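In what follows, a structure is listed as structure tokens, so that the remarks can point back to it.
Nothing here was measured: the structure is a model prediction, and the numbers come from that model. FYI, side chains are in, hydrogens and waters are out, and symmetry mates aren't considered; it's all heavy atoms of this structure.
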Amino acid sequence: MRRTPQRIALAAVLEQTSQFRSAQQLHAHLLDEGSDVSLATVYRYLNALAAAGSLETHSVPGGETRYRQCRRSGFHHHLVCRECGETTEVTDATVEQWAQRTGNRHHFTEITYALELSGLCTGCQHVPAG
């Protein structure tokens, strides 16, 4: 993949944020910083990075995909706020152990899986009027 000024700018934004962001959010941020980049270029670059395994993706209700660079290697999961996108990394071997046991029980090897946990962070929780 060619390193264009637009791709370098997008890579810098991805490096600076720890939260999952949509292509539209990243595009708006780049425009605010004065970058001359199209939304189509942002989508192409994000999809290429995700396909190469350089980005993690998270789908939110409504089908929107959000992206971010992962700061950890190895198994870990994310708890993502459905409203604001705040992300907490969760490490717990229970899921990996269950996946391996399930695969073994059915004579499968090289088990992989995708697990998405979502909810509302404390800042987005709506307190009922009462």
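Using a distance-only test at 3.5 Å, with no hydrogens or angles considered, no donor-acceptor pair links the side chain of T41 to the main chain of V37. One N or O on the side chain of Q25 and one on the backbone of S22 form a donor-acceptor pair closer than 3.5 Å. A distance-only check finds a donor-acceptor pair linking the side chain of Q125 to the backbone of L120 [under 3.5 Å]. Side-chain N or O atoms of Q6 include one that pairs as donor or acceptor with a backbone N or O of D36 at under 3.5 Å.
Between C121 and C81 the shortest heavy-atom distance is N-SG, 3.3 Å. Taking both residues in full, the closest heavy atoms of C124 and E83 are given as SG-CB, 3.8 Å, listed atom of the first, atom of the second, then distance. Closest of all the heavy-atom pairs between H106 and T102 is CD2-O, 3.1 Å. Here the closest non-hydrogen pair linking V42 and A23 is CG1-O, 3.8 Å. Residues L39 and H27 approach most closely at N-NE2, 3.3 Å, considering heavy atoms. Taking each heavy atom of A99 and I111 in turn, the nearest pair found is O-CG2, 3.8 Å.
Rounded to the nearest 0.5 Å, atoms OG1 (T17) and CG (L26) are 7.5 Å apart. For the atom pair CG of L46 and OG of S54, the computed distance is 11.5 Å after rounding to the nearest 0.5 Å. The CZ atom of R66 lies 15.0 Å from the CG atom of L55; values are rounded to the nearest 0.5 Å. The NE2 atom of H29 sits 15.5 Å away from the CD atom of Q24 when rounded to the nearest 0.5 Å. Between the CG atom in N47 and the OG1 atom in T65 there is a gap of 8.0 Å [rounded to 0.5 Å]. Distance check, rounded to the nearest 0.5 Å: CD1 of I8 to OH of Y45 gives 8.0 Å.
Counting heavy atoms from C-beta on, the side chains of R21 and R68 never come closer than 4.5 Å.
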(Q) Set out, in order, the CA-CA distance, both residues' side-chain angles and the distance that settles side chain to side chain contact (heavy atoms under 4.5 Å, CB included) for F20 and E56, then state yes or no. (A) CA-CA 8 Å; F20 283 91; E56 293 181 297; 4.0 Å; yes

(Q) Please determine whether side chain to side chain contact (heavy atoms under 4.5 Å, CB included) holds for the pair L14 and L49, giving the CA-CA distance in whole Å, both sets of side-chain angles, and the decisive distance to 0.1 Å. (A) CA-CA 11 Å; L14 288 166; L49 289 173; 4.1 Å; yes

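Residues L79 and V95 share a hydrophobic cluster, clusters being chains of Ile/Leu/Val/Met/Phe/Trp/Tyr side chains in contact below 4.5 Å.
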